[in-house]
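All values derive from a computational prediction rather than experimental measurement.
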Amino acid sequence: MKTALSTFILFLFAAAIQAQSTNKKVTKESQGITPIFLEIDGVKGESSPDTLPPAPKGNFFIGAGPLVSQTSNTNLSPRMSVAYRTGFTVHAGYAFAFAKSRLLINASYSEGGVNVAVGDINGDGKADNETAKLRYISIPVQYQHFIGERKLFYAGGGGYAALLLPAIQKVRAYNEGFEKQDAGLLFSAGAKITSRMHLTATYQLGLIDIDVAAANTARNGMAFLMLSYSVGPIIKIKPKG
């Protein structure tokens, strides 16, 4: 009887030790203390949570691209007509990363404007063209949502505020000059080319009358294609197995 009782007590003690060991293992796994795969700028390897760098919250980016701009007018002289003008834009900013989206805040320089046909002033039977080159420093802010599991495509929108630098040339259609400020909405869509490079098409719709003259209302419209490059390490972390 004593032998059977001793054997039973030893069995319970061994079972308790085994349960405690199993519980510690489960606790560690629940805390995420398991090997993981870590990739920094394409270099892959195994690591542990104790050696992980801080989780990235976003990245800096720079970019540039061509643009097409024009102004919408409500009361120009019948002898005048406006046409689009090509230019370029450069930008730099920061993208705050979320699970399936990002918030972009950047500063940009855009050189656009408008071409104006002012009629046959010289009497040669041909329309005379003038150019208003408008250069803006702007702060666009927009929210973009990634589409699909691989997050290769995205679309979004937001707004911008801009300050006009001195115009290169004034034209008859805007002989009283331009407003110094502009602001409006923007809409964008694009795709990832690589983990660092994005190609984005954007349209800015101005909401402020930029023509100082009371007789005419003019608003900016800009469409541009931007190639952006992310600066800093690209970090990818995923559990092993």
Side-chain angles (χ1 to χ4, degrees), residues 60-77 80-95 103-119 121 127-144 156-190 197-231:
F60 290 97
F61 62 89
I62 55 175
L67 67 79
V68 175
S69 67
Q70 189 175 5
T71 63
S72 60
N73 297 268
T74 61
N75 194 30
L76 280 183
S77 167
M80 298 179 182
S81 62
V82 295
Y84 70 87
R85 184 182 185 279
T86 58
F88 69 93
T89 182
V90 293
H91 65 266
Y94 192 82
L103 177 66
L104 285 77
I105 301 176
N106 63 284
S108 69
Y109 169 82
S110 301
E111 187 172 290
V114 61
N115 289 323
V116 182
V118 293
I121 296 176
D128 296 303
N129 297 311
E130 297 179 340
T131 297
K133 185 182 290 186
L134 304 180
R135 303 175 301 170
Y136 285 96
I137 297 293
S138 63
I139 305 294
V141 178
Q142 62 175 313
Y143 177 84
Q144 292 176 336
Y160 74 93
L163 177 66
L164 177 67
L165 300 178
I168 296 298
Q169 179 182 355
K170 293 184 179 181
V171 299
R172 292 175 180 85
Y174 306 97
N175 57 8
E176 295 186 30
F178 300 92
E179 294 288 351
K180 300 300 183 184
Q181 295 83 29
D182 188 27
L185 304 176
L186 61 85
F187 310 91
S188 65
M197 198 170 293
H198 291 202
L199 184 65
T200 308
T202 304
Y203 180 74
Q204 287 188 176
L205 176 64
L207 300 179
I208 291 181
D209 179 10
I210 63 170
D211 192 348
V212 174
N216 182 49
T217 298
R219 290 184 171 86
N220 273 320
M222 287 188 184
F224 38 91
L225 191 65
M226 295 184 294
L227 187 63
S228 300
Y229 183 81
S230 297
V231 181

_Just so I know, are the side chains of Pro140 and Asn106 near enough to count as touching, which here means a heavy-atom distance under 4.5 Å?_
yes
_Separation between CD of Gln181 and CG of Leu163, rounded to the nearest 0.5 Å_ = 6.5 Å
*Do you know which two heavy atoms are closest between Tyr203 and Gly221, and how far apart they sit?*
OH-CA, 3.9 Å
*asked:* Counting C-beta onward and ignoring hydrogens, is there a side-chain heavy-atom pair between Gln204 and Ser69 closer than 4.5 Å?
replied: no
_Gap between atom CG of Leu104 and atom NE2 of His91 - 0.5 Å precision_ = 8.0 Å
*Are the side chain of Thr74 and the backbone of Thr217 linked by a donor-acceptor contact shorter than 3.5 Å?*
yes
*Over all atoms of both residues, closest heavy-atom pair of Asn216 and Asp209*: O-OD2, 3.6 Å
_4.5 Å side-chain heavy-atom contact, Glu111 and Thr89_ = no
*Residue pair Gly112 / Leu67: nearest heavy atoms and the distance that separates them*: CA-CD1, 3.9 Å
*Between Glu179 and Asp211, does a side chain to side chain contact (heavy atoms under 4.5 Å, CB included) hold up when you go through it step by step?*
CA-CA 6 Å; Glu179 294 288 351; Asp211 192 348; over 6 Å; no
*Between the side chains of Ser188 and Thr202, is a donor N or O closer than 3.5 angstrom to an acceptor N or O?*
no
*For the atom pair CD1 (Ile139) and CD1 (Ile105), what is the distance rounded to the nearest 0.5 Å?*
9.5 Å
*Would you check if there is a donor-acceptor pair between the side chains of Tyr160 and Ser108 at a distance under 3.5 Å?*
no
_Quick check: closest heavy atoms across Phe224 and Pro66, and the distance to 0.1 Å?_
CB-O, 3.2 Å
_Side-chain H-bond candidate by donor/acceptor type, Asn129 with Asn115, under 3.5 Å_ = no
*asked:* Give me the atom names and distance for the closest heavy-atom approach of Ala95 to Phe61.
replied: N-CE2, 3.7 Å
*Spatial distance of atom CG (Leu185) from atom CG (Leu207) [nearest 0.5 Å]*: 4.5 Å
*Report yes if some heavy atom in the side chain of Leu134 is under 4.5 Å from a heavy atom in the side chain of Asn220; otherwise report no.*
yes
*Geometric class of the Phe88/Tyr109 ring pair [parallel <30°, tilted 30-60°, perpendicular >60°]*: tilted
*Go through the steps for Arg85 and Val114 under the test side chain to side chain contact (heavy atoms under 4.5 Å, CB included), then give the verdict.*
CA-CA 5 Å; Arg85 184 182 185 279; Val114 61; 5.5 Å; no
*Atom of Ala218, atom of Asn73 and distance for their closest heavy-atom approach*: CB-OD1, 3.3 Å
*Using the side chain to side chain contact (heavy atoms under 4.5 Å, CB included) rule, take Tyr174 and Ile210 through it: C-alpha gap first, then chi angles, then the decisive distance, then the call.*
CA-CA 10 Å; Tyr174 306 97; Ile210 63 170; 5.8 Å; no
*Taking the side chain as C-beta and beyond, is there a heavy-atom pair between Asp182 and Leu164 under 4.5 Å?*
no
